[in-house]
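Below is one structure, written out as structure tokens, with a few remarks after it.
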Amino acid sequence: MRVAMGLAEQGAALGEVPVGAVLVQEGEIIGQGFNSPISLNDPSAHAEVQAIRDAATRLQNYRLPATTLYVTLEPCHMCAGLIVHARIARVVFAASEPRAGAVASQGSFFAQPFLNHRVEVSGGVLAQESAQMLKAFFKARR
């Protein structure tokens, strides 16, 4: 999660909302990314998407089983759907996202019975640090 926090800081330095993500397999980082929808002019360029794309490209596989995604903010519905499609086994997030968080705050997307893949979820890892980074970012923008 510390690596993801560092990635979030990189994004913030570019004017992006500070969210970072790393995808880990067998203790090794196989993908990483930070929010970049503004700089890439791509509304789908969330940190999770960037990390999953990086890993899929590196491994030359669109399926990423037996992996854990560490992300500094609770995933939204778009990212949750991608996590299921990529067959990621586990998601660990830092801060909750009360407005758009799809895995705990505004529903339990991964628990939906129609899904063909189950994802284990843990939240709250470095939550205070992540929330503080987000608050500071938005305070500076106002």
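The residues of the chain are indexed from 1 along the displayed sequence. Scope of the values below: all heavy atoms of this structure, side chains included, with no hydrogens, waters or symmetry mates.
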Exercise for the section: Output every pair passing salt bridge (charged side-chain N to carboxylate O under 4.0 Å, His left out) with a member in residues 80-103, not counting sequence neighbours, ordered by first then second residue. Expected result: Arg90-Glu120

Taking all atoms of both residues into account, what is the closest heavy-atom pair of [X] and [Y], and its distance?
X: Gly20; Y: Ala8; value: N-CB, 3.5 Å
X: Gly33; Y: Ala47; value: O-CB, 3.9 Å
X: Leu23; Y: Ala55; value: CD2-CB, 3.5 Å
X: Ala104; Y: Phe93; value: CB-CZ, 4.2 Å
X: Gly15; Y: Ile38; value: O-CD1, 3.7 Å
X: Ala94; Y: Ala127; value: O-CB, 3.4 Å

When rounded to the nearest 0.5 angstrom, what distance separates [atom1] in [X] from [atom2] in [Y]?
X: Ser105; Y: Glu74; atom1: OG; atom2: CD; value: 3.5 Å
X: Leu69; Y: Gln32; atom1: CG; atom2: CD; value: 12.0 Å
X: Cys76; Y: Gln106; atom1: SG; atom2: CD; value: 12.5 Å
X: His77; Y: Leu82; atom1: NE2; atom2: CG; value: 14.0 Å
X: Phe137; Y: Glu9; atom1: CZ; atom2: CD; value: 13.0 Å

Taking only residues two or more places apart in sequence or in another chain, which ones pass side chain to side chain donor-acceptor pair (under 3.5 Å) with [X]?
X: Ser44; result: Asp42, Arg53
X: Glu129; result: Arg2
X: Thr68; result: none

Do [X] and [Y] have side-chain heavy atoms sitting under 4.5 Å apart?
X: Val91; Y: Val103; answer: no
X: Val49; Y: Cys79; answer: yes
X: Val84; Y: Phe110; answer: yes
X: Gln25; Y: Leu59; answer: yes
X: Pro18; Y: Leu134; answer: yes

Problem - Transitive ILVMFWY side-chain link Phe138 to Leu73, under 4.5 Å - result: yes

Problem - Co-membership, hydrophobic cluster, residues Val121 and Leu115, 4.5 Å side-chain - result: yes

Exercise for the section: Taking salt bridge (Lys or Arg N to Asp or Glu O under 4.0 Å) as the test, write out the residues that go with Arg118, two or more places apart. Expected result: none

Under a 3.5 Å distance rule, please check whether [X] uses its side chain to pair with a backbone N or O of [Y] as donor and acceptor.
X: Glu48; Y: Val71; result: no
X: Thr72; Y: Ala4; result: no
X: Thr67; Y: Leu64; result: yes

Exercise for the section: Step through the shown structure and confirm whether more than 12 heavy atoms of other residues, nucleotides or ligands are within 6.0 Å of NE2 on His117. Expected result: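 Count over threshold, so yes.
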
Exercise for the section: Share the residues that join Met5 in a hydrophobic cluster, the rule being Ile, Leu, Val, Met, Phe, Trp or Tyr side chains under 4.5 Å apart at the heavy-atom level. Expected result: Met1, Val3, Leu7, Leu14, Val22, Val24, Ile29, Phe34, Tyr70, Val92, Val125, Leu126, Met133

